[in-house]
Amino acid sequence: MYVVLAAAFGVLCGLIVDPDIPVYVQPYMPIAVVAALDAVFGAARAKLDGIFDQRQFVVSFVSNVLVAALIVYLGDQLGVGGQLSTGVVVVLGVRIFGNVAAIRRHLFRA
Amino acid sequence: MRCDGSEPEDLLTALLPRPPLRSAGAGATGPGNPVGTRPAIWGRAGTAAVLAVAGCLFTVANHQEMASRPETELARHELIADVARRQAEADGLRLRAGRLREEISDWDRRAGIGASDLALLRERAAMAGLVEVSGDGVLVTLTDAPATDDPVTGRRVPNVAGTIVDRDVQEVVNQLWALGAEAIAVNGERLTSVSAIRSAGGVILVDFRPVASPYRVEAIGERTLDVAFDRSPTAVALRSYARDYHLGFAVRRCGGLVLAPAPENWHGLATTPSSAVGNTETPSPLGG
């Protein structure tokens with residue numbers, strides 16, 4: 001399926017190109033990863049629910065990553081970076097778990 | 001039961017206010033793509049591009065995480081892996097050497113060497129540590145004293161006086177040879193006629209291979225070897241050290257010992273150096 005191929009291609013690109021992340025971006029990498037995971041799992045769940053919209057997925061992925069990084073950056077400027085980061089991770093984690101549970105129900109019951 | 005008729009999935013999800021199904025959540029849910037409003041290929045390309053970016057993102061984050069670990073820790077892991085690999089290689093080579101020696105003795109037999117000569121050859125090879133030997137014998141175990149609490153700082157410090165040194169192991173080995181042991185191995189390292197047991201950097205090396213406490217000295221010999229060793233002056237001294245410095249010392253008869261051949265081989269003939277006047281000692285070719 002083109003999904004797996006695209007993801008594998010991305011992983012290969014990451015391994016081969018091996019981009020140097022600028023120092024000021026590095027602290028936001030973890031939160032970006034969690035936000036990306038949330039978008040991907042949400043897309044998978046929507047696909048299994050039959051309500052997947054490609055435009056929605058693209059927009060939500062980009063906005064998730066940007067908003068999460070923005071929130072953490074704002075928190076860093078205000079001195080509450082650690083706490084806001086924790087809050088973002090908790091909420092995204094809860095959504096990831098909800099989506100994974102729905103996926104699991106689809107895979108093992110339907 | 002919620003208004004859309006589905007069950008709550010998790011406790012946490014049930015606690016959070018549930019967003020309506022059609023809202024712009026991160027779940028990428030939304031009105032399904034009506035047929036014909038957008039060419040399917042563009043949507044697919046977009047999704048594929050986003051997934052590629054996600055894969056790239058995960059890989060880069062992982063790489064960054066690996067790179068941020070301290071250099072020393074990585075180097076240490078690499079060194080440990082290297083050491084384990086080399087040791088495995090060395091063990092493999094040692095096994096091969098043992099098999100080849102067995103092959104050589106087979107060829108000796110076929111070459112028509114007399115049975116008594118062959119027996120003598122095997123006996124000499126066994127004493128020199130070149131052939132696998134099995135039999136009953138004695139197991140002498142030496143253990144470092146347990147760490148004690150330093151009275152000044154209150155921290156646990158190793159017990160220096162109770163640490164086994166190379167001299168202790170040498171004494172045990174020499175005593176066993178003197179009592180007629182046919183083959184001796186220390187922590188699996190078979191002793192040959194030119195084996196060295198020495199300390200380097202706080203570690204005891206047997207033929208340049210490090211061994212650690214507890215030191216197991218296995219010796220194959222007569223049935224009475226364990227009793228004879230138990231009564232020997234070495235054993236008496238070590239027992240008194242065990243009492244005074246709390247190091248571990250145990251002697252017990254052991255049946256069915258199998259001692260592998262030594263890896264290295266030194267070919268030569270030991271000779272007595274031209275003795276100076278008054279030199280009555282002759283060096284024993286058997287590790288004396």
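Quantities reported herein were computed from a predicted structural model and do not represent experimental measurements. All heavy atoms count here, side chains included; hydrogens, waters and symmetry mates do not.
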> Which answer fits A/Ile21, side chain, backbone, both or neither, if we ask what part of it has an atom under 4.5 Å from a heavy atom of chain B?
side chain
> Hey, does A/Asp18 have a side-chain heavy atom less than 4.5 Å from the side chain of B/His63?
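Side chain of B/His63 against side chain of A/Asp18, heavy atoms only: contact under 4.5 Å found.
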> Of the backbone (N, CA, C, O) and the side chain (C-beta and beyond), which part of A/Leu12 lies under 4.5 Å from a heavy atom of chain B, both, or neither?
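Looking at A/Leu12, nothing touches chain B.
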> Is the shortest heavy-atom distance from the side chain of B/Pro261 to the side chain of B/Leu130 under 4.5 Å?
no
> Might you point out which heavy atoms bring A/Gly75 and A/Leu84 nearest each other, and give the distance in Å?
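Shortest heavy-atom contact: CA-CD1, 3.5 Å.
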> Just so I know, are the side chains of B/Val206 and B/Arg198 near enough to count as touching, which here means a heavy-atom distance under 4.5 Å?
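A side-chain contact under 4.5 Å is absent here.
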> Against chain B, work out which of A/Val62, A/Asp20, A/Leu5, A/Val58 has the most heavy-atom pairs shorter than 4.5 Å and name it.
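Looking at each option in turn, the highest pair count goes to A/Val58.
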